[in-house]
Amino acid sequence: MKSGRYIGVMSGTSLDGVDVVLAAIDRHMVAQQASYCHPFPPALRQRVLAICQGQPLTLSQLGQLDTELGKLFAEAVVTLMRQQALEADDIVAIGCHGQTVWHEPGSFAPNTLQIGDNNQIAAATGVTVVGDFRRRDMALGGQGAPLVPAFHQALLMDSSERRMVLNIGGIANLSLLIPGQPVRGFDTGPGNMLIDAWIWRHQGVSYDHNGTWAASGQVVPALLEQMLNDPWFALPPPKSTGREYFNPDWIERQLQAFPALAPEDVQATLSELTALTIAQQIQLSNGCDRLLVCGGGGRNPLLMARLAAHLPGTEVTTTDAAGVSGDDMEALAFAWLAFRTLSGLPGNLPAVTGAREMSVLGAIYPANSRPTR
Ligand SMILES: Nc1ncnc2c1ncn2[C@@H]1O[C@H](COP(=O)(O)OP(=O)(O)OP(=O)(O)O)[C@@H](O)[C@H]1O
Ligand SMILES: CC(=O)N[C@H]1[C@@H]2OC[C@@H](O2)[C@@H](O)[C@@H]1O[C@H](C)C(=O)O
């Protein structure tokens, strides 16, 4: 078993920053020791956003972006290591998710692409890096996502309470931790992504702080109903999605029949869409006693209030209340997945992703050997 200290790196679909965590991990325990959020340069963010939504790019541009993102992730890790006075020898490995720029599990040739060259991280830190976690699951017929339900199970499963863990990132995903049942999980659709896109377009800010703008508008029932009729929401699990599907063009198509709405009413409707599509999936899965929320959406009081309103009888809290930082959950998960890979343990759950079998995940970028201290 490759127990010891690991670093996890996550840059999610919101592109709001690179989350880096340090954790001590063994087969039975994940103890977070430090974390850091490295800023995402705005110009780089816009370039990544554009290609995530289908803007064509040359192979040269793709190669450059891969290097730039690798360097950004390396910078983020080096900063945390400096802050914590860590040497390469103190760390077993770094688990880096990479930046998802395309995710097409339903294609005739299913594919998912996380970029940010891991060689840059290994070269800058002298530490082994594990990356490319999703494609083995896809090669086994799975969606390649979500991968965090196995980690949620390891950390937050309870023997008697029916729990669900909800990540509200750019996309929202749910893990069902029901005693006596195999863990299941799937994406529920947009998390903050549409809300972020709409306020960016109208106010030039990257997110609706505390949901204040949405709260100033009124939900438009006919628009909400039309959005809920998008066939993606009715797909049965396993399912996962991304910016290729839910993006500003999706909003524009929805608004074609509603040309004159006040922007704040659209924002209120998009927020309600996020809360309602999540709540509907929870109810379809027979509900839970406690909903533990992580990801940036857990900081949006409007989303949290709407979730609680749609789920009477369910205690809606953040994972922080259960002892796990909601901001660091995904980075921690990729540190844990790196530990699983190096220990020869599987990382995916076929009941979640639809893969044919469990598998060790990822690709290893070994550090150069160093003289022992
Ligand atoms: N105070 C707040 N009020 C409203 N929204 C917030 C607040 N703080 C964070 N958010 C939302 O959380 C988002 C970031 O969430 P998070 O970092 O979990 O996303 P991510 O990890 O990139 O996404 P994913 O899980 O899809 O990969 C921001 O873009 C914003 O929409
Ligand atoms: C392809 C991809 O990057 N998917 C992400 C995204 O962000 C949230 C949701 O969509 C989830 O399916 C997944 O991330 C988490 C970490 C996961 O794999 O569990």
Side-chain angles (χ1 to χ4, degrees), residues 2 4-25 29-42 44-45 48 65-101 114-134 147-148 151 155 167 169-170 206 294-296 298-299 319-320 323-342 347 361-365 367:
K2 280 282 198 176
R5 289 207 272 185
Y6 282 77
I7 288 176
V9 189
M10 179 71 192
S11 178
T13 50
S14 299
L15 291 145
D16 56 331
V18 182
D19 295 322
V20 192
V21 298
L22 171 71
I25 304 181
M29 176 204 72
V30 177
Q32 182 179 340
Q33 298 183 332
S35 67
Y36 165 68
C37 182
H38 195 70
F40 211 106
L44 185 57
R45 178 176 195 264
V48 176
L65 211 48
D66 189 38
T67 300
E68 285 179 83
L69 286 168
K71 283 184 186 292
L72 181 73
F73 299 154
E75 222 174 84
V77 174
V78 166
T79 307
L80 179 81
M81 287 177 70
R82 272 205 205 107
Q83 285 173 353
Q84 300 300 316
L86 295 166
E87 304 286 340
D89 285 347
D90 298 323
I91 309 296
V92 180
I94 297 162
C96 182
H97 172 265
Q99 183 64 55
T100 295
V101 289
Q114 285 73 46
I115 63 170
D117 183 10
N118 289 311
N119 293 289
Q120 293 288 345
I121 310 173
T125 61
V127 179
T128 295
V129 179
V130 187
D132 194 7
F133 288 95
R134 300 191 186 278
L147 296 176
V148 291
F151 181 63
L155 231 60
N167 167 53
S206 56
C294 56
R299 293 184 185 278
T319 56
D320 300 67
V324 191
S325 156
D327 290 336
D328 300 330
M329 179 72 84
E330 290 186 334
L332 269 178
F334 285 93
W336 181 79
L337 283 168
F339 159 76
R340 304 275 303 177
T341 302
L342 294 185
L361 303 178
I364 301 171
Y365 300 74

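Below, each value reflects all heavy atoms present in this structure, side chains not excepted, and no hydrogens, waters or symmetry copies. Counting from 1, the numbers follow the sequence of the chain as shown. Predicted, not measured: the structure shown is a model, and the values here were computed from it.
Judged as a side-chain contact (heavy atoms from CB on, under 4.5 Å), and not counting sequence neighbours, the contacts of P39 are Y36. Residues satisfying the side-chain contact (heavy atoms from CB on, under 4.5 Å) test with D19, not counting sequence neighbours, are C37, A331. Residues passing the ring pair (Phe, Tyr, Trp, His ring centres under 6.0 Å) test with F334 are H97, F133, sequence neighbours excluded. Not counting sequence neighbours, T319 has no partner by the side chain to side chain donor-acceptor pair (under 3.5 Å) test. R5 pairs by the side chain to side chain donor-acceptor pair (under 3.5 Å) definition with Q33, not counting sequence neighbours.
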Before giving the answer on side-chain contact (heavy atoms from CB on, under 4.5 Å), spell out for E87 and D90 the whole-Å C-alpha distance, their side-chain angles and the decisive distance to 0.1 Å.
CA-CA 5 Å; E87 304 286 340; D90 298 323; 3.6 Å; yes
Going through the distances and angles, do I121 and Y365 end up as a side-chain contact (heavy atoms from CB on, under 4.5 Å)?
CA-CA 9 Å; I121 310 173; Y365 300 74; over 6 Å; no
Could you go step by step and tell me if V148 and N167 meet the side-chain contact (heavy atoms from CB on, under 4.5 Å) rule?
CA-CA 9 Å; V148 291; N167 167 53; 5.5 Å; no
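Screening residues 323-340 for salt bridge (charged side-chain N to carboxylate O under 4.0 Å, His left out) gives R299-D327 as the qualifying pairs, with residues at least two apart or on separate chains. Within the structure, every pair that satisfies the side-chain hydrogen bond (donor to acceptor under 3.5 Å, both in side chains) test and touches residues 119-133, not counting sequence neighbours, is listed here: D117-N119, D132-R135.
In terms of heavy-atom proximity, V21 sits nearest to S35 at CG1-CB, 3.8 Å. Scanning both residues, A338 and G95, for their nearest heavy atoms gives CB-CA, 3.6 Å. Considering all non-hydrogen atoms of both residues, A122 and V129 come closest at N-CG2, 3.6 Å. When every heavy atom of G347 is checked against every heavy atom of L361, the shortest pair comes out as C-CD1, 3.7 Å. Shortest non-hydrogen contact noted between L69 and G116 is CB-CA, 3.7 Å.
Residues L147 and L337 form a side-chain contact, since some pair of their non-hydrogen atoms from C-beta on lies under 4.5 Å apart. V18 has its side chain within reach of F40: a pair of non-hydrogen atoms, C-beta onward, lies under 4.5 Å apart. Side-chain contact between V92 and F339 is absent, with no heavy atoms from C-beta onward closer than 4.5 Å. No side-chain heavy atom of W336 sits under 4.5 Å from any side-chain heavy atom of L155. A heavy-atom distance below 4.5 Å is found between the side chains of L72 and P41. Counting heavy atoms from C-beta outward, L22 and I91 have side chains that approach closer than 4.5 Å.
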Which atom pairs, one a donor and one an acceptor, fall under 3.5 Å between side chains of residues 6-15 and the rest of the protein, sequence neighbours left out?
{"residue": "Y6", "atom": "OH", "partner": "K2", "partner atom": "O", "Å": "2.6"}
{"residue": "S11", "atom": "OG", "partner": "Q99", "partner atom": "OE1", "Å": "2.4"}
{"residue": "T13", "atom": "OG1", "partner": "G170", "partner atom": "N", "Å": "3.4"}
{"residue": "T13", "atom": "OG1", "partner": "I171", "partner atom": "N", "Å": "3.4"}
{"residue": "S14", "atom": "OG", "partner": "G170", "partner atom": "N", "Å": "3.2"}

Would you list the atom pairs, donor with acceptor, under 3.5 Å between side chains in residues 74-86 and any protein atom, with sequence neighbours excluded?
{"residue": "E75", "atom": "OE1", "partner": "H38", "partner atom": "NE2", "Å": "3.0"}
{"residue": "T79", "atom": "OG1", "partner": "E75", "partner atom": "O", "Å": "2.7"}

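The CD atom of Q114 sits 11.5 Å away from atom CG of D66, with the distance rounded to the nearest 0.5 Å. One distance of note links OG of S325 with CG of L332; it measures 7.5 Å at 0.5 Å rounding.
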